[in-house]
Protein chains: 2
Amino acid sequence: MATKRTRRHPVRQTTISDIAELAGVSKATVSRVMNGVPTVAEDIAERVRAAIDELGYTPSQTARSLSLGVSRTIGVLVPDLSNPMFHQVLHGVHRAAAADGYRVLVADTLEDEAGEAASAIDIRNRTDAVVLIAPRMTRPELLDLLPRVQPVAVVNRTTGRNAAVAQVDYATGIQTLAQHLVDLGHERIAFLSGPEASRSNHERLRGLIAFRETHPDIEIRELACGSGFEDGYRAWDAVRGSGATAVLAFNDIVALGLLGRLDEEGVRVPDDLSVTGFDDIPFSRYSAPPLTTMTVDLPGVGAAVWRELHDEIGGGLRRDPVVFTPALTVRASTGPRP
Amino acid sequence: MATKRTRRHPVRQTTISDIAELAGVSKATVSRVMNGVPTVAEDIAERVRAAIDELGYTPSQTARSLSLGVSRTIGVLVPDLSNPMFHQVLHGVHRAAAADGYRVLVADTLEDEAGEAASAIDIRNRTDAVVLIAPRMTRPELLDLLPRVQPVAVVNRTTGRNAAVAQVDYATGIQTLAQHLVDLGHERIAFLSGPEASRSNHERLRGLIAFRETHPDIEIRELACGSGFEDGYRAWDAVRGSGATAVLAFNDIVALGLLGRLDEEGVRVPDDLSVTGFDDIPFSRYSAPPLTTMTVDLPGVGAAVWRELHDEIGGGLRRDPVVFTPALTVRASTGPRP
DNA sequence: ATGAAAGCGCTAACAC
DNA sequence: GTGTTAGCGCTTTCAT
């Protein structure tokens, strides 16, 4: 008989064996009690429960997942938790998944594009599936990653049917906004563009190119900007230089940053300048003035992506990508051309 | 010879055995290659790597954690990811933990107080430790939970030395704000209080009671409000009714909501009314007008809490609670009494 | 340098 | 109804 191997583990919580021993039953019985299997004699079950209580036992999810081959948990990868747009989607995923009895674990990549794939693989290897929200990685990297993390769903990126997809139609949305400004009489419009690498920024650009073709008389000037408050704040000089009477900001955050600057500069909105955002984050209704923007059903996007993912976990067929078309929400930040 | 047990697992990813078989080596060798153990012959290692590549193998973190008894991952429980205050703390935890080679998994409880303890236990049972950010549960529930999820750290709750703690000194902070308003000549001040159950709200209240004692001539009226934009927006009627010339809002969000309403009502800030926030969330510098508030080093709180937790994971002694004192940041939303 | 096998904590098939 | 035991995928000791 070989002597017992010794492998000291750093932490030793209470395990099912401790309960079994204390209650004087087998591990199987403890497991049955824990999982509510009804074929356990009431007096035995009671003894087990007492032991569980006494030792404060909670089963290791790690061991459970390994044994079951399933964790009923999904991972969500977010580039930046501080962006309200992302956590609205996250919220939608969360609610929908919870309704189906799934837990959600979130990993924030802190906009570290390099570590994105590794994070995705890591979280996938602890969960049953992952959703990638607006991943920053390049398309080849994404296409390389997807097969390694199936089942997987992706928000706001195209994947050529290599994953479930839900996305927002930014191209159409930005045109709706532009049309709104044109209807108000504006002829010179500035577009504060987002990050160079952003797919959704390209979509907007694509939309504006289409818009120009149908409106040759309207001038739309692209101004490099960014996606943060500070970017919008700093964009004022460029906007002033452009002679525009209206601004299409990349998103609400940028618009809000610009609004702050305009207030400081004494520029009246919308009397002197009209400003629009995109996404309709919760704060946009409370800014001074309230922001005209495109409202996107972000929680709906999250719910849709979960539905697709859930199908895939269940082995169902992949559906077609779900496209959300945003709706114009007119508030007080836009008005007639001065 | 017993027949092989069959237990069909829902999903079957590539495992270490597949690699071992394909490369014609033992699982131990594959494990060594995966973990960079140097005692593997180069040609063998090469064969293993080829197999790994061919099958796109990534090790199950679940199995790994179970075997190692450690995952180098911590869980962070947040009541509401959409609150910038929380994800700033989260950000601090994340950066600090990452620097020590730990991954961070986030669970959002969606303000579901009832499910909080269960979520904490669940995430703890997949990770090496947890941090609870401003848990909503009652004190008895919290004290009952803490021993079951050690090592654990808590932000903005007291635990009587049952956990590592980092917290913000709201009582002192709100007094600093009140003093700032008094220095500007205000004598009637409204305090828009936060949620009934909020510990930090009680702290503020405590601070204001102390303030009243040292300033018997100043009237500070408490107005029930809440913690969201909408709460601040709706508070206007009560504020007007109170005759106050300055408002201490529960936090920045409430202040921002109120600012939005004041703009709509044509009330000038700070000429007609001064407004302060608390937390200094990123947007507060860009509002119209920029918000006077208490700046809290939220990422610092996160980093501190990680440091304590890291010590505990390493088996170190518990340190004293870390207290962060916020600093007054004066911007344009406060001015002399009208 | 490599492999065989034990063991991490749990579940479930099977035997009694 | 309850216990025994194999096995989930991995790491690591021990033997070779």
Side-chain angles (χ1 to χ4, degrees), chain A residues 1-21 23-48 52 55 57-72 122 124-126 128, chain B residues 1-21 23-48 52 55 57-72 122 124-126 128:
Chain A
M1 186 73 183
T3 62
K4 193 115 167 174
R5 299 271 178 88
T6 46
R7 235 170 98 199
R8 210 170 52 288
H9 273 206
V11 286
R12 275 272 311 161
Q13 296 266 89
T14 307
T15 74
I16 197 171
S17 300
D18 300 327
I19 304 299
E21 189 173 349
V25 299
S26 72
K27 296 191 295 172
T29 298
V30 177
S31 176
R32 290 186 186 107
V33 172
M34 282 300 305
N35 295 293
V37 177
T39 70
V40 181
E42 187 46 39
D43 56 327
I44 302 250
E46 199 41 65
R47 245 169 46 222
V48 171
I52 288 173
L55 269 43
Y57 168 70
T58 57
S60 157
Q61 294 304 320
T62 304
R64 208 150 183 280
S65 300
L66 184 61
S67 183
L68 289 170
V70 148
S71 61
R72 287 192 84 79
D122 180 87
R124 172 64 182 85
N125 280 328
R126 323 171 177 269
D128 297 346
Chain B
M1 185 76 179
T3 61
K4 194 116 167 175
R5 295 274 179 87
T6 45
R7 235 168 98 198
R8 209 169 55 285
H9 272 207
V11 286
R12 275 274 309 163
Q13 296 265 89
T14 308
T15 74
I16 197 171
S17 299
D18 300 327
I19 304 299
E21 189 174 347
V25 299
S26 72
K27 297 189 295 173
T29 298
V30 177
S31 176
R32 291 189 185 103
V33 172
M34 281 301 305
N35 295 292
V37 176
T39 69
V40 180
E42 186 47 40
D43 56 328
I44 302 250
E46 199 40 66
R47 247 172 40 225
V48 171
I52 288 173
L55 268 44
Y57 167 71
T58 56
S60 157
Q61 294 304 320
T62 304
R64 208 150 184 279
S65 300
L66 184 61
S67 183
L68 289 170
V70 148
S71 61
R72 288 192 83 78
D122 180 85
R124 171 62 183 87
N125 280 329
R126 326 173 174 266
D128 297 346

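Throughout, protein chains are lettered first and strands after them, A, B, ... in sequence-line order, and every chain is numbered starting at 1.
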Counting any heavy atom closer than 4.0 Å, what does [X] reach on the DNA or RNA strands: base, sugar-phosphate only, or nothing?
X	result
B:S60	sugar-phosphate
B:V30	nothing
B:T29	sugar-phosphate
A:A41	sugar-phosphate

Check: Is any N or O donor-acceptor pair between the side chain of B:S67 and the base of C:dG7 shorter than 3.5 Å?
Finding: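 Such a pair is found, so the answer is yes.
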
Let me know the distance between [atom1] of [X] and [atom2] of [N], rounded to the nearest Å.
X	N	atom1	atom2	result
B:L55	D:dG9	CG	C1'	15 Å
A:R32	C:dT11	CZ	C1'	10 Å
B:D18	D:dC8	CG	P	11 Å
B:L66	C:dG9	CG	P	7 Å
B:D43	C:dT2	CG	C1'	12 Å
A:E21	D:dG3	CD	P	14 Å
A:I19	C:dC10	CD1	P	9 Å
B:K27	D:dG7	NZ	P	11 Å

Let's see if you can work this out: which of [options] has an atom nearest to the side-chain heavy atoms of [X]?
X	options	answer
A:V40	D:dT2, C:dT11, D:dT11	D:dT2
A:A28	D:dG3, D:dG9, C:dC10	D:dG3
A:V25	C:dT11, D:dG3, D:dT11	D:dG3
A:I44	D:dT2, D:dT11, C:dT11	D:dT2

Margin query: Rounded at 0.5 Å granularity, tell me how far CG in B:L55 sits from OG1 in B:T15.
Written below: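 Spacing of CG (B:L55) from OG1 (B:T15) equals 9.0 Å.
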
Check: Just wondering, do A:V48 and A:I52 contact through their side chains at under 4.5 Å, heavy atoms?
Finding: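 Yes - at least one pair of side-chain heavy atoms lies under 4.5 Å apart.
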
Notebook entry, point to check: Between A:Q13 and B:R124, is any pair of side-chain heavy atoms under 4.5 Å apart?
Noted result: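 Yes; the side chains approach each other to less than 4.5 Å.
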
Next item on the list: Identify whether the distance between the nearest side-chain nitrogen and carboxylate oxygen of A:R126 and A:D122 falls below 4.0 Å.
Entry: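 Looking at A:R126 and A:D122, the cut-off is met.
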
Next item on the list: Tell me whether the OP1 or OP2 atom of C:dG3 has a side-chain N or O from B:S26 closer than 4.0 Å.
Entry: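 Result: yes.
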
Check: With respect to the phosphate group of C:dT11, does any side-chain polar atom (N or O) of A:R64 fall under 4.0 Å of OP1 or OP2?
Finding: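 Affirmative; the distance criterion is met.
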
Note to self: Any side-chain to backbone donor/acceptor pair from A:S65 onto A:Q61? Under 3.5 Å, distance only.
What the structure shows: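 Pair found, side chain donor or acceptor close to backbone of A:Q61.
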
